[in-house]
Amino acid sequence: MIKLIENRFYYLENFCTVLEWIAERYSDLLTAQEREFIDHFHLLSKETKALLVRMVMRKGDLFRSSKLAYDEIGSVEDAAAPLIMLGWVDENPWLSLDELFGLLKKAEISQVFGSSLHKTAARKSDQLLALRGEFTDSRDFTAWYPASNERVYQVQITPICDRLRLMFFGNLRQDWSEFVLADLGIFQYEKVEFSASSRGFRSRQDIDDYLHLHRCRERFLLGEPPEEVLKDIPARVYDNDWLEGRRSKLLFQIAQHYEQIKQFPAALNVYGQCQYSGSRVRAIRMMERCAQFESAFSLANIAERTPESEAEKQQLLRILPRLHRKLGHPRIPAVHHHLDPASRIDLALPKPEPLISVEELVRVHLEQLSRQQRVRVHYVENALINSLFGLLCWSAIFAPIPGAFFHPFHTGPADLHSPDFYRRRESQFINSLLQLDSDQYTHTIRHNFREKAGIQSPFVFWDVLTEELLDLALSCVPALHLKIWFERMLLDIKLNRAGMPDLIQFWPDEKRYRMIEVKGPGDRLQDNQMRWLDYCAKHDIPVAVCYVQWAERVE
DNA sequence: ACCATACACCCATCT
DNA sequence: AGTGGAATCG
DNA sequence: AGATGGGTGTATCGATTCCAC
Ligand SMILES: [Mn+2]
Ligand SMILES: [Mn+2]
């Protein structure tokens with residue numbers, strides 16, 4: 001299964017693949033200077049190109065020459081020379097004290113700062129803290145550390161490399177190691193026949209906007225005061241829905257941060273600026289915390305008239321009665337989730353070894369409970385229904401819709417969470433679900449289980465879905481039930497792909513099943529779990545909640 | 001699937 | 001000394 | 001006792017190497 005890489009310059013080959021890919025499909029989105037970079041790169045010697053790529057792939061931009069030892073490259077000095085001429089690498093960068101500390105080992109720090117250091121035993125980070133006041137200037141490496149005969153190199157071209165990586169992958173979370181991991185067979189990706197015109201970006205402005213938001217997010221994550229970051233986040237709504245989603249999400253996270261540091265008015269202000277799902281409820285909550293009950297009440301009423309999701313509706317059922325009370329209105333009774341007593345299981349089990357989970361405990365208990373008939377219980381959570389969905393609808397999910405796939409390393413379509421995901425492949429999904437009206441669905445699911453085994457999918461959990469589990473599921477779960485599960489998933493994939501019960505119990509002799517949510521002491525049903533339980537009850541799908549308590553230990 | 005969600009475990013407060 | 005986290009590599 | 005909101009920790013290929021503590 002694991003292949004060997006025969007080319008010692010495999011990483012360079014991969015980098016070149018990206019450059020060629022970009023030059024071929026995205027050249028209209030590049031500046032003359034960027035196109036020039038690509039052309040120049042190809043003219044360099046193999047060793048020089050390899051050294052640059054090694055540096056680009058590694059963390060940070062500063063490297064000691066001794067840390068750039070690669071057999072296939074040989075002399076770093078020789079390989080680096082052309083890069084220095086081009087200005088792509090600085091051979092003698094000015095280093096701040098912080099940067100120097102990142103390059104030196106602790107023993108070397110004592111050597112350099114011996115006289116200034118009070119305690120050589122102190123932690124490196126404390127030494128840095130202590131020296132910051134004294135050494136505020138930047139110097140080059142030999143000035144800091146004359147005894148060293150090493151050089152320090154600094155790559156100068158990370159911005160353009162990040163831009164190219166973003167254009168290729170459509171995100172910045174994937175990096176160049178994707179290639180080698182796929183070559184090694186660690187990740188298998190579906191081969192989608194997308195057209196040569198399929199791209200992750202339509203305009204240079206979109207790329208610039210993405211990079212800008214990304215930098216804002218990094219500054220926020222690094223701890224810069226949110227007020228400073230907010231100044232640079234555009235107040236206007238982006239035309240591109242995808243980018244607007246990213247803008248909204250960043251604002252949401254900043255608002256959450258304000259919430260954590262108890263700056264509720266600031267949080268309210270930021271929640272108000274974004275339409276990220278859930279921000280409205282948080283805004284209502286912030287008004288509540290600021291004792292603005294009238295505003296909270298009126299926003300809650302707007303939300304109740306036009307709820308953004310089932311989840312919001314559910315939260316409003318808790319919020320509104322509370323606000324009525326706070327405002328001194330006549331009480332309206334809070335409606336609580338009601339569980340049919342018949343589908344409630346109470347168990348008192350001996351407290352087990354700390355390593356075993358409650359779900360596993362109940363699973364074993366239920367399997368051993370009824371000796372007279374065959375009972376199998378699997379701990380599946382979301383994995384089973386999602387996997388069956390992913391296998392049945394494989395061709396719909398991986399349909400080559402324009403813009404959904406544009407490089408060879410997608411785990412799923414790029415627009416999976418966009419509101420029109422379903423609409424854009426409606427006929428394919430209708431076709432897939434139609435198979436549940438005959439026994440065709442079992443063939444499709446089994447076929448894809450064999451043919452697509454191990455291939456990354458946003459729905460299929462290959463490690464959970466064993467052959468035994470698949471057989472049990474296909475023989476015990478009626479097609480109609482699968483259709484009901486899948487239809488709700490398709491209504492809102494992001495929201496409805498989770499919250500499914502922990503266990504599934506099969507009675508293979510009766511071709512019957514039941515799903516069971518396990519709750520240990522001190523654990524409660526979550527909102528999304530309640531929504532699935534209600535939905536299943538409404539459609540006569542057998543579900544139960546199993547409450548576990550620890551049985552008294554006999555002393 | 002945008003270093004994230006999803007899950008369980010834990011606590012404080014209010015009724 | 002030994003341990004653990006981060007970085008690197010294929 | 002229970003409901004509610006809130007905060008936390010865990011997990012991402014796996015082997016090897018380096019370095020701080
Ligand atoms: Mn669970
Ligand atoms: Mn559970």
Side-chain angles (χ1 to χ4, degrees), chain A residues 1-11 14 54 57-60 63 66-72 101-102 104-109 121-127 166 169-174 176-188 200 210 213-214 217-218 221 242-243 245-246 249-250 253 256 259-260 262 281-282 285 288-289 315 317-319 321-322 325 334 336-337 354 357-359 381-383 386 397 404 409-418 421 456-459 463 493-495 497-500 502 517-529:
Chain A
M1 185 48 122
I2 297 291
K3 279 196 315 188
L4 286 176
I5 307 292
E6 66 290 347
N7 180 3
R8 299 200 305 162
F9 290 93
Y10 72 92
Y11 53 94
N14 297 336
R54 284 290 196 188
M57 289 180 71
R58 280 174 53 170
K59 179 166 181 147
F63 306 97
S66 63
K67 296 284 176 195
L68 291 171
Y70 295 100
D71 286 345
E72 77 279 8
F101 262 60
L104 294 185
K105 285 182 273 193
K106 221 187 154 206
E108 295 171 319
I109 288 170
R123 288 216 311 266
K124 205 178 168 184
S125 54
D126 291 336
Q127 292 179 334
L166 172 60
F169 287 114
N171 63 64
L172 286 173
R173 146 189 54 91
Q174 290 177 286
W176 279 287
S177 67
E178 289 288 338
F179 285 83
V180 72
L181 292 178
D183 284 343
L184 288 167
I186 289 166
F187 294 130
Q188 286 176 259
Y210 187 110
L213 278 177
H214 181 76
R217 194 227 295 238
E218 284 197 314
L221 259 26
W242 172 58
L243 286 168
R246 295 186 62 83
K249 183 166 191 169
L250 178 56
Q253 288 168 332
Q256 272 187 314
E259 224 186 305
Q260 274 164 12
K262 310 248 184 284
V281 166
R282 294 319 303 161
R285 186 79 193 110
E288 228 185 322
R289 295 295 296 253
Q315 301 192 75
L317 285 178
R318 286 194 294 263
I319 292 170
R322 202 167 55 219
R325 210 172 54 229
H336 289 123
H337 172 78
S357 68
V358 213
E359 293 87 354
E381 267 177 349
N382 311 309
N386 273 277
I397 293 158
F409 310 105
H410 287 273
T411 71
D415 62 338
L416 185 63
H417 291 303
S418 85
F421 170 76
Q456 300 283 125
S457 155
F459 298 103
D463 50 339
I493 285 172
K494 196 181 163 95
L495 227 55
R497 47 176 298 155
M500 294 160 188
D502 295 316
E517 171 56 35
V518 178
K519 287 292 152 197
D523 185 20
R524 319 188 295 262
L525 285 174
Q526 289 161 247
D527 281 1
N528 57 354
Q529 295 176 329

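The sequence lines fix the lettering, A, B, ..., with proteins before strands; numbering per chain opens at 1.
Closest to the side chain of A/Gln253, from the set B/dA4, D/dC21, B/dA8, is B/dA4. With D/dG6, D/dG5, D/dC19 as the choices, the nucleotide that has an atom nearest any side-chain atom of A/Lys105 turns out to be D/dC19. Closest to the side chain of A/Asn382, out of B/dC2, B/dC7, D/dG5, is B/dC7. Of all nucleotides listed (B/dA8, D/dG7, B/dC2), D/dG7 comes nearest to the side chain of A/Gln260. Closest to the side chain of A/Arg289, out of D/dG6, B/dA1, B/dA8, is D/dG6. Looking at the side chain of A/Lys124, the nearest of the listed nucleotides D/dC21, B/dA6, B/dA1 is D/dC21.
Nucleotide B/dC2 is matched to nothing when pairs are restricted to Watson-Crick or G-U wobble geometry with both distances under 3.5 angstrom. The base-pairing partner of B/dA8, taking Watson-Crick or G-U wobble contacts with both distances under 3.5 Å, is D/dT8.
Look at B/dA4: its glycosidic torsion is within 90° of 0, and that puts it in the syn range. Shown here, D/dT12 is classed syn by the O4'-C1'-N9-C4 or O4'-C1'-N1-C2 angle, which is within 90° of 0.
Within 3.5 Å, a donor on the side chain of A/Arg524 pairs with an acceptor on the base of D/dT4, or the reverse.
Atoms CD (A/Gln456) and P (B/dC2) sit 14 Å apart, rounded to a whole Å. Between the C1' atom of D/dC13 and the CG atom of A/Asp463 lies a distance of 13 Å, rounded to the nearest Å. Following rounding to the nearest Å, A/Glu381 (CD) and D/dA11 (P) show an atom-to-atom distance of 15 Å.
Looking at A/Arg322 and A/Glu288, a side-chain N of the basic residue comes within less than 4.0 Å of a carboxylate O on the acidic one, giving a salt bridge.
The outermost nucleotides of DNA chain C lying under 4.0 Å from heavy atoms of chain A, listed 5' to 3', are C/dA7 to C/dG10.
The neighbour count for A/Arg123 CZ, taken as heavy atoms of other residues, nucleotides or ligands under 6.0 Å away, does not exceed 12.
Taking the six-membered ring for Trp, A/Phe179 and A/Tyr11 have ring centres at least 6.0 Å apart.
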